[in-house]
Amino acid sequence: GPRNAPGYQGTGTVSFFAEKFPEEWGSHGDHYCGVILENGEAKAWGHNHYASLGLGNLYNNDNPLPRLIPLKDSVRSWVSNGLTNYWLLKDRTVMSAGHNVYGQAGVNSTASYIFVPTQISGLQGIEKIVSTERATYSSNHQWTSACALDTNGKVFCWGANLYGQLGNVSFSHTQQPIQAGQAINLSDVTDLDMGGGRWGNVAVIRSDTSLWAWGYNNYGQLGTGNTINQPAPVPVYTSSDTIVKLVSSGDANGQTRGFLKKDGTIWMWGSNHYGQLGQGNTSGSYVPIQVPGITNAVDFWLGNGRTMTAVA
């Protein structure tokens, strides 16, 4: 909700800030804002409790004015989970800064915070970065993870791994990227998404249009027909039509996933406490099921894991 604290609007004065972040920025930020400029530079301002902004300081030095983030190249995209920030650069390498207690900065360091942007070793030719959203303030709100997809279709993950969300057949946290799905030669991924907040889970689309998933599965959000956590990729669904868009709830309480197919239909599964599966009830589903009455959707997204929206 809204918060009244120093430096949130970038005006140089103490002012009121309503917590809202643009979806295309990929942020679940903690009372801070960021912008990518036309020249590829990145600037940030606001709360810096976890050194997330990469400006070399912590919460006792909030930043009421936009400040340039010291990155080694221009920025393609910027992903935040509220604790750690990731910048995909023009040269397709990745830099990170912020909270690192579980290694979620990916820079092979045991430091609790990474104060300035640091390159993540081993990530080259990266197409996309995803991360779990931080939870609300609690003892486990810092269990975040991240994954990256490269131009060869390989997926690399790092950070917290309590439920196997790193996809490397273990439940151990890692401080640097490790390839997911090596046992099945997962190297033909065309898209991926990560959800579940502190209870992380990942889904990917492969070149044959099949859907695979791994991680936390207490609500059946992996789509495997059960509620067993999976520390390695398992098959979920094979589509006879192209999957256009894959989405996952970022909220730890949502635990819902879905996709849009080329034929304009929407398919959903997982938690349904609020009726977000669109079935006219609140019963969850352990496998993908079609949302009735929608056959001409052109876009699709999940609102914090509790509201499903399709644009027809």
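Here, residue 1 is the first one in the sequence, and each next residue gets the next number. The shown structure was predicted, so the numbers you read here are calculated from the model rather than taken from an experiment.
Considering CE of Met268 and CG of Leu260, their distance stands at 11.5 Å, rounded to 0.5 Å.
Between the side chain of Thr209 and the backbone N or O of Ser239, at least one donor-acceptor pair lies under 3.5 Å. Side chain of Ser285 to backbone of Gly270: no donor-acceptor contact under 3.5 angstrom is found. When atom types are taken as modelled, the side chain of Gln182 and the backbone of Ala180 share no donor-acceptor pair closer than 3.5 angstrom. Looking at Thr242, its side chain never comes within 3.5 Å of a backbone N or O of Val244 through a donor-acceptor pair. With Asp193 contributing its side chain and Ser248 its backbone, the two residues share a donor-acceptor pair below 3.5 Å. Side-chain atoms of Trp212 never come within 3.5 Å of backbone atoms of Val204 as a donor-acceptor pair (strictly under, hydrogens ignored). Judged by distance alone, the side chain of Asn161 and the main-chain N or O of Ser170 form a donor-acceptor pair under 3.5 Å. Without hydrogens or angle criteria, Glu41 side chain to Val75 main chain gives no donor-acceptor distance under 3.5 Å. A distance-only check finds a donor-acceptor pair linking the side chain of Ser52 to the backbone of Leu83 [under 3.5 Å].
Between Ser80 and Tyr32, the side chains place a donor N or O and an acceptor N or O closer than 3.5 Å (distance only, hydrogens not considered). At a cut-off of 3.5 Å, with distance as the only test, no side-chain donor of Gln104 or Thr84 sits close to an acceptor on the other residue. Side chain to side chain, Gln276 and Thr256 meet the donor-acceptor criterion of an N or O pair below 3.5 Å. For Gln175 and Asn100, the side-chain atoms include no donor-acceptor pair closer than 3.5 Å. Side-chain atoms of Asn85 and Trp78 include a donor-acceptor pair closer than 3.5 Å. Between the side chains of Asn57 and Asn48, at least one donor-acceptor pair of N or O atoms lies under 3.5 Å. In summary, the side chains of Asn272 and Thr282 do not present any donor paired with an acceptor at a separation below 3.5 Å, with no hydrogens or angles considered.
Both Val101 and Trp143 belong to a single network of hydrophobic side chains, linked directly or stepwise wherever heavy atoms of I, L, V, M, F, W or Y lie under 4.5 Å apart.
For Tyr286 and Tyr219, the ring centers sit 6.0 Å or farther from each other.
Atom NZ of Lys154 has 12 or fewer heavy atoms from other residues, nucleotides or ligands within 6.0 Å.
Taking the six-membered ring where the residue is Trp, Trp158 and Tyr86 present perpendicular rings, their angle passing 60° and hence far from 30°.
Residues Lys72 and Asp91 are paired through a salt bridge, judged by an N-O separation under 4.0 Å between the basic side chain and the carboxylate. A salt bridge does not link Asp241 to Lys261: none of the charged side-chain nitrogens sits closer than 4.0 Å to a carboxylate oxygen.
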